[in-house]
Amino acid sequence: MSHHNILSFDTLSLQEFDTDAELIPLLTPEDEEEMNNEELPASLPILPLRNTVLFPGVVIPISAGRDKSIRLINDANAGNKIIGVVAQKNEGDEDPTKNDIHKIGTVAKILRVLKMPDGNITVILQGKKRFEIDAVTSEKPYINALVKEVEEKRPGVHDSEFLAILESIKELAIQIIKESPNIPTEATFAIKNIESQSFLVNFVSSNMNLSVSEKQNLLAINALKERA
């Protein structure tokens, strides 16, 4: 696959899938269970994203140029590498406050930090679980907030309608890949080999051609079947 525009660094899409990039780990049900059992910190530094929404399990690269964002990432990377990621309501806001960000976001782990020649940094994040901001405790040097976990309502193991929806999602995604000249056929590997039900829904949600507000609405849906 050609690497000339492999990453736009604001979202990782199927068009940018690279089997050697190690940016799309396939989350197994075991990984998911371990992730769900991780305890949510009572407080998190909050990284506002301009133009994307992070979903649990999904890995995305983010370009950070704002001083607050760079300091937050550097501080977290030197510590436990866990941050809270939320989408901005208006991507044009240069210095978003607590009123300019969505309350539902995703806990993320910093996998890698890359320093760019222009002084910006690119951080590779993996979503963990959803959270809701309870209260913002400070906004300097960056936003910190008290948070609570948002429980996800799972359908029953033998919910035939849900299983049919998942199968339909896989079939449609593979069909789109096959019919698009810009998406490498290797991307079908990712879709076909996803075993985790929630990761399939979140991975496809992340890669759909939707606005930030539409993706935010998907993230905020508590019932996995409804989101699917």
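Below, each value reflects all heavy atoms present in this structure, side chains not excepted, and no hydrogens, waters or symmetry copies. In this chain, residues are counted from 1 in sequence order.
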query = Tell me, do Ile46 and Lys98 make a side-chain contact under 4.5 Å, heavy atoms counted?
reply = no
message = Within the supplied structure, the quantity of interest is the number of heavy atoms (other residues, nucleotides, ligands) at a distance under 6.0 Å from Lys81 NZ; does it exceed 12?
response = yes
message = Could you see if Val136 belongs to whatever hydrophobic cluster contains Phe131? Use Ile, Leu, Val, Met, Phe, Trp, Tyr and a side-chain cutoff under 4.5 Å.
response = yes
ask   = Does any non-hydrogen side-chain atom of Arg66 lie less than 4.5 Å from one of Arg50?
value = yes
ask   = Are Leu224 and Lys153 close enough that some pair of their side-chain heavy atoms sits under 4.5 Å apart?
value = no
task = First locate atom OG1 of Thr106, then atom CD of Gln126, and finally report the distance between them rounded to the nearest 0.5 Å.
result = 11.5 Å
key: Glu94/Lys68 under salt bridge (charged side-chain N to carboxylate O under 4.0 Å, His left out): CA gap, chis, key distance, verdict   = CA-CA 10 Å; Glu94 280 299 324; Lys68 282 186 176 181; over 6 Å; no
key: Residue pair Lys89, Asp100: steps toward the salt bridge (charged side-chain N to carboxylate O under 4.0 Å, His left out) verdict   = CA-CA 6 Å; Lys89 295 176 182 177; Asp100 305 317; over 6 Å; no
query = Looking only at side chains, do Asn222 and Arg130 share a donor and an acceptor under 3.5 Å apart?
reply = yes
ask   = Counting N and O atoms only, with roles assigned by atom type, does the side chain of Lys170 sit under 3.5 Å from a partner on the main chain of Ile194, one being a donor and the other an acceptor?
value = yes
message = For Lys109, I'd like to know if atom NZ has over 12 heavy atoms of other residues, nucleotides or ligands within 6.0 Å.
response = no
Beyond-backbone contact of Phe55 with Leu219, side-chain heavy atoms, under 4.5 angstrom = yes
query = Counting only heavy atoms not in Asp67, do more than 12 fall under 6.0 Å of its CG?
reply = no
inquiry  = With clusters defined by side-chain heavy atoms of hydrophobic residues (ILVMFWY) lying less than 4.5 Å apart, directly or transitively, does Val212 cluster with Met208?
reply    = yes
key: Single-linkage hydrophobic cluster Val58~Leu166, side-chain heavy atoms < 4.5 angstrom   = yes
inquiry  = Given 3.5 Å as the limit, does a donor-acceptor pair link the side chain of Glu149 with the main chain of Leu40, or not?
reply    = no
inquiry  = Counting C-beta onward and ignoring hydrogens, is there a side-chain heavy-atom pair between Gln175 and Leu172 closer than 4.5 Å?
reply    = yes
ask   = Would you find more than 12 non-hydrogen atoms of other residues, nucleotides or ligands less than 6.0 Å from Glu38 atom CD?
value = yes
message = With heavy-atom distances below 4.5 Å as the criterion, would you say the side chains of Leu49 and Val86 are in contact?
response = no
inquiry  = Check this for me: Asn90, atom CG, are more than 12 non-hydrogen atoms of other residues, nucleotides or ligands nearer than 6.0 Å?
reply    = yes
query = Are Leu210 and Val85 grouped together when hydrophobic residues (ILVMFWY) are joined by side-chain heavy atoms under 4.5 angstrom apart?
reply = yes
ask   = Is there a donor-acceptor pair under 3.5 Å between the side chain of Lys215 and the backbone N or O of Ser206?
value = yes
inquiry  = With a 4.5 Å cut-off on side-chain heavy atoms, are Val147 and Asp134 touching?
reply    = no
request  = Would you check if there is a donor-acceptor pair between the side chains of Glu214 and Ser211 at a distance under 3.5 Å?
outcome  = yes
query = Taking C-beta and beyond as the side chain, do Gln216 and Ile104 meet within less than 4.5 Å on heavy atoms?
reply = yes
